[in-house]
Amino acid sequence: MAVDVKIKQKSLFKKKITIEEIIKLTNLSYGVCDEAYRLIPKEIGPRTILYDKNKLARGIELALENNDIILRLSLPTTPKEIRCFYKIIETICKNLNTNTYIRNEETTQIEDNDTFIKSDEEGSIYGLKDMKDILATKEYSYMQIFGVYHPIAIGSKEIKEIDNNLENFENLLNKLQQLDLYYAAPKLYQTPDKLIAVYAIGTEIPSIVPLKPGIISNKSKDIKDWFVFLPGNKAIKYEDFINNVDHNNYYDANHIVICLKEEKIKELITKYETKI
């Protein structure tokens, strides 16, 4: 679910506005996503992410379409981010001397923002309940949502912690993303006979790694093998890697945190090194 907003300029001579100017108006942090949906801070692109660095949630998308300003809020999200979204709308509208904007293809006014804040909070609660109901069927072991910094896997442990409460959801998203950790994501390589995916893991770097590797792309079905590159460009199969690291540091429903010492890396290479 998402809330899509378009702010149009009504004057005949439309003001030329840039992403940089909008960012300054909001006083928020910003960045863009890489191919693994990890944030690259302080970069601007066709779809720039705005966020509050002190309360990390899911991020607000910002784009330009001719002279129109496009904003998107993903649901479910946190109360603070919902309020931030409508504050951005109000700030931009005032800067453009307009009190109307288009929300989900319907023209509305900034004076209705309090109503929409309540509606989006209710929509977020519904979204959390929907995730809980889907996970209860056991068809999926987790559901993935996009956070500001990287994707997060929501499973039964997270659902229990959230307890269908937006404040709990806000605290969970912020807690996970404020940790100073490297979120490992694979690169794809085409060998002469197949497509492979490779994670790079360094020495003594606290890293978030998946229990079950994957990518968010329609290319995922074409990947034939998964590997890890360890220091020295030594490759081992991902299965051998994940089955032989410590699983005690839980991160989310599909990730753990590891920090490999040099001795452990040497052991993994000695036992499981393979050629790609």
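Everything quoted here is computed from the prediction, not taken from an experiment. Heavy atoms only: backbone and side chains are in, while hydrogens, waters and symmetry mates are out.
Ring orientation note: the planes of H255 and Y183 are tilted relative to one another, at an angle of 30° to 60°.
Note that CG of L181 and CG of N249 are 8.0 Å apart. Values are rounded to the nearest 0.5 Å. Taking CZ from F227 and OG1 from T274, the interatomic distance works out to 6.0 Å, rounded to the nearest 0.5 Å. To the nearest 0.5 Å, atom OG1 of residue T48 and atom CD1 of residue I40 are 11.0 Å apart. Summarising the geometry, atom CG belonging to N174 is positioned 10.0 Å from atom NZ belonging to K80; distances are rounded to the nearest 0.5 Å. Expressed to the nearest 0.5 Å, how far SG of C93 lies from CD of Q9 amounts to 10.5 Å. With rounding to the nearest 0.5 angstrom, the CG atom of D52 is 9.5 Å from the CG atom of N27.
Hydrophobic clustering places Y251 together with I145 (ILVMFWY residues linked when any side-chain heavy atoms are closer than 4.5 Å, directly or through intermediates). Under a hydrophobic-cluster definition in which Ile, Leu, Val, Met, Phe, Trp and Tyr are linked whenever side-chain heavy atoms come within less than 4.5 Å, directly or via other members, L75 and L56 are assigned to different clusters. Taken together through direct or relayed side-chain contacts under 4.5 Å among Ile, Leu, Val, Met, Phe, Trp and Tyr, I82 and L128 form parts of separate hydrophobic clusters. Under the 4.5 Å side-chain heavy-atom criterion for Ile, Leu, Val, Met, Phe, Trp and Tyr, I269 and V245 are members of the same hydrophobic cluster.
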Using the rule given for side-chain contact (heavy atoms from CB on, under 4.5 Å), can you reason through Y272 versus V228, listing the C-alpha separation, both sets of side-chain angles and the distance that settles it, and then say yes or no?
CA-CA 11 Å; Y272 302 110; V228 171; over 6 Å; no
Apply the test side-chain contact (heavy atoms from CB on, under 4.5 Å) to residues Y30 and K42: give CA-CA distance (whole Å), side-chain angles for both, the deciding distance (0.1 Å), then the verdict.
CA-CA 6 Å; Y30 63 95; K42 297 183 179 179; 4.2 Å; yes
Could you walk me through whether Y86 and D120 pass the side-chain hydrogen bond (donor to acceptor under 3.5 Å, both in side chains) check?
CA-CA 11 Å; Y86 287 99; D120 292 347; 2.5 Å; yes
Using the side-chain contact (heavy atoms from CB on, under 4.5 Å) rule, take I125 and E122 through it: C-alpha gap first, then chi angles, then the decisive distance, then the call.
CA-CA 5 Å; I125 291 171; E122 290 172 351; 5.7 Å; no
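Side-chain atoms of H247 and V257, non-hydrogen and from C-beta on, never get closer than 4.5 Å to each other. Taking the side chain as every heavy atom from C-beta outward, L64 and I22 approach each other to under 4.5 Å. Residues I256 and I242 have side chains in contact (heavy-atom distance under 4.5 Å, counting atoms from C-beta outward). Between L188 and D222, every side-chain heavy-atom pair lies at or beyond the 4.5 Å cut-off. Taking 4.5 Å as the limit, every side-chain heavy atom of I265 sits out of range of all side-chain heavy atoms of K234. Side-chain atoms of I88 and L28, non-hydrogen and from C-beta on, do get closer than 4.5 Å to each other. With contacts defined as side-chain heavy-atom distances shorter than 4.5 Å, the pair I92/Y101 does not qualify. With a 4.5 Å cut-off on side-chain heavy atoms, Y149 and L179 do not count as touching.
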Pair up each side-chain donor or acceptor in residues 198-213 with any protein partner under 3.5 Å, not counting sequence neighbours, and list the distances.
residue	atom	partner	partner atom	Å
Y199	OH	G214	N	3.4
S207	OG	I205	O	2.8

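In terms of heavy-atom proximity, P79 sits nearest to E167 at CG-OE2, 3.9 Å. The two residues G127 and M1 make their nearest non-hydrogen contact at CA-CE, 3.9 Å. Across all their heavy atoms, G45 and V32 have their closest contact at N-CG1, 3.3 Å. Heavy-atom minimum distance, Y142 versus A253: CB-CB, 3.5 Å. Between I159 and L135 the shortest heavy-atom distance is CG1-CD1, 3.6 Å. Summarising the geometry of S124 relative to P76, their closest heavy-atom pair is O-CB, 3.3 Å, with the distance given to 0.1 Å.
Through side-chain heavy atoms spaced under 4.5 Å, either directly or across other Ile, Leu, Val, Met, Phe, Trp or Tyr residues, F146 is tied to Y37, I216.
Within 6.0 Å of atom CD in Q190, more than 12 heavy atoms from other residues, nucleotides or ligands are found, so the atom counts as buried in its surroundings.
A salt bridge does not link E121 with K118: none of the charged nitrogens is closer than 4.0 Å to a carboxylate oxygen. A salt bridge is defined here as a Lys NZ or Arg NE, NH1 or NH2 lying under 4.0 Å from an Asp or Glu carboxylate O, and E90 with K94 meets this definition.
Each of I7, V5, D4 was scored for a side-chain contact (heavy atoms from CB on, under 4.5 Å) with R103, with one residue passing: V5.
Here salt bridge (Lys or Arg N to Asp or Glu O under 4.0 Å) pairs that include residues 170-193, with residues two or more places apart or in two chains, are E35-K187, E161-K175.
Checking D163 against N165 by side-chain atom types alone, no donor-acceptor pair falls below 3.5 Å.
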